[in-house]
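What follows is a short report on a single structure.
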Amino acid sequence: MPVAARRGDRSSAPHSGALESLLDRVSRGDQQAFESLYTAVAGTVLGLVRRVVRDPAQSEEVAQEVLIEVWRSAARFDPRQGSAMAWIMTLTHRRAVDRVRSAQAAADRDHRAAVHGYTAAFDEVSEQVERRLEREQVRRCLGQLTELQRESVTLAYYRGYTYRETADLLGTALGTVKTRLRDGLIRLRDCLGVSA
């Protein structure tokens, strides 16, 4: 039965001695006593849980867990240690704090996973930037070649033409194209700082 549906009216809540008596009977498996105890404390339990947990759905769930724990551990209640309501509220507070800590730990794990995933994306961006900078440097170095060297290098290495096709497109002798390519590549290598 949902806690919200069984909230007791505080004005009619039994006094401490009545709760202790109910807990004693619950510890011996008396279901009727548990129902009475449940009715008497459910609203107060839910109220405390809501103040700690804040999420209404989770609060109802935690309150149910607390009341089940009261049913299972009623025999551990010791009236010499404090009142029945204080014992129930201690159980309630501990369970609510445990839920908050568990939720925080899960959020922290999710955050760490997201940060780890983001790092990989950052590496991809870094690589794209590096490639872009390399392309800009190659363009700048191509700009330092003579017009004939730049045409030869562009046709042979960027457009994929053979030496013979490059020579035919430029209307130049094959040996001249090879010399332009060799000289152009040497100048590119020096400009880019690539060791031979």
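Nothing fancy with the numbering, it's 1 onward along the sequence.
Rounding to the nearest 0.5 angstrom, the gap separating the CG atom in Leu37 from the CG atom in Leu67 is 7.5 Å. Atom-to-atom distance recorded for Glu127:CD and Arg131:CZ is 6.0 Å, nearest 0.5 angstrom. Atom CG of Asp55 is separated from atom CZ of Arg99 by 9.0 Å, given to the nearest 0.5 angstrom. Atom OG of Ser102 is separated from atom CG of Asp98 by 8.5 Å, given to the nearest 0.5 angstrom. In this structure, Leu181 CG and Thr154 OG1 are separated by 10.0 Å, a value rounded to the nearest 0.5 Å. Atom CG of residue Leu169 and atom CZ of residue Arg159 lie 9.0 Å apart, to the nearest 0.5 angstrom.
Side-chain contact between Arg112 and Arg109: present, with at least one pair of heavy atoms (C-beta onward) separated by less than 4.5 Å. With a 4.5 Å cut-off on side-chain heavy atoms, Asp24 and Ser27 count as touching. Looking only at side-chain heavy atoms (C-beta outward), Glu61 and Val53 stay at 4.5 Å or farther from each other. Looking only at side-chain heavy atoms (C-beta outward), Asp108 and His111 stay at 4.5 Å or farther from each other. Taking the side chain as every heavy atom from C-beta outward, Glu134 and Glu130 approach each other to under 4.5 Å. Using a 4.5 Å cut-off on side-chain heavy atoms (C-beta onward), Leu19 and Phe77 make no contact.
Using modelled atom types, one side-chain atom of Thr90 and one backbone atom of Ala86 make a donor-acceptor pair closer than 3.5 Å. Judged by distance alone, with hydrogens and angles left aside, the side-chain atoms of Thr92 form a donor-acceptor pair with the main-chain N or O of Ile88 at under 3.5 Å. Arg187 contributes a side-chain N or O that, together with a main-chain N or O of Gln144, makes up a donor-acceptor pair within less than 3.5 Å.
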Please step through side chain to side chain contact (heavy atoms under 4.5 Å, CB included) for the pair Tyr158 and Val138, ending with a clear verdict. CA-CA 12 Å; Tyr158 289 102; Val138 168; 3.1 Å; yes
Audit row: Arg180, Leu170, side chain to side chain contact (heavy atoms under 4.5 Å, CB included) steps and yes/no: CA-CA 12 Å; Arg180 287 180 188 167; Leu170 294 175; 4.1 Å; yes
Go through it in stages, so that I can follow the logic: the residues are Leu48 and Arg51, the test is side chain to side chain contact (heavy atoms under 4.5 Å, CB included), and I'd like the CA-CA distance, side-chain angles, deciding distance and then a yes or no. CA-CA 5 Å; Leu48 176 58; Arg51 283 193 298 278; 3.8 Å; yes
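Heavy atoms only, all atoms of each residue included: Leu188 and Cys141 are closest at CD2-CB, 3.6 Å. The two residues Leu23 and Ala84 have their closest heavy-atom pair at CD1-CB, 3.6 Å. Closest heavy-atom contact between Glu20 and Gly82: OE2-O, 4.4 Å. Listed here is the closest heavy atom pair of Val62 and Arg95: CG1-CG, 3.6 Å. Contact record, Arg54 with Ser59: N-OG, 4.1 Å, taken as the closest heavy-atom pair. Nearest heavy-atom pair, Val26 versus Ala74, reported as atom, atom and distance to 0.1 Å: CG1-CB, 3.7 Å.
In this view, Asp183 satisfies the salt bridge (Lys or Arg N to Asp or Glu O under 4.0 Å) rule with no residue, not counting sequence neighbours.
Note on Arg150 versus Glu147: salt bridge recorded, some NZ/NE/NH1/NH2 to OD/OE distance being below 4.0 Å. The pair Arg80-Asp78 counts as a salt bridge, with a side-chain nitrogen and a carboxylate oxygen less than 4.0 angstrom apart.
Shown here is Gln31, whose CD atom has no more than 12 heavy atoms of other residues, nucleotides or ligands within 6.0 Å.
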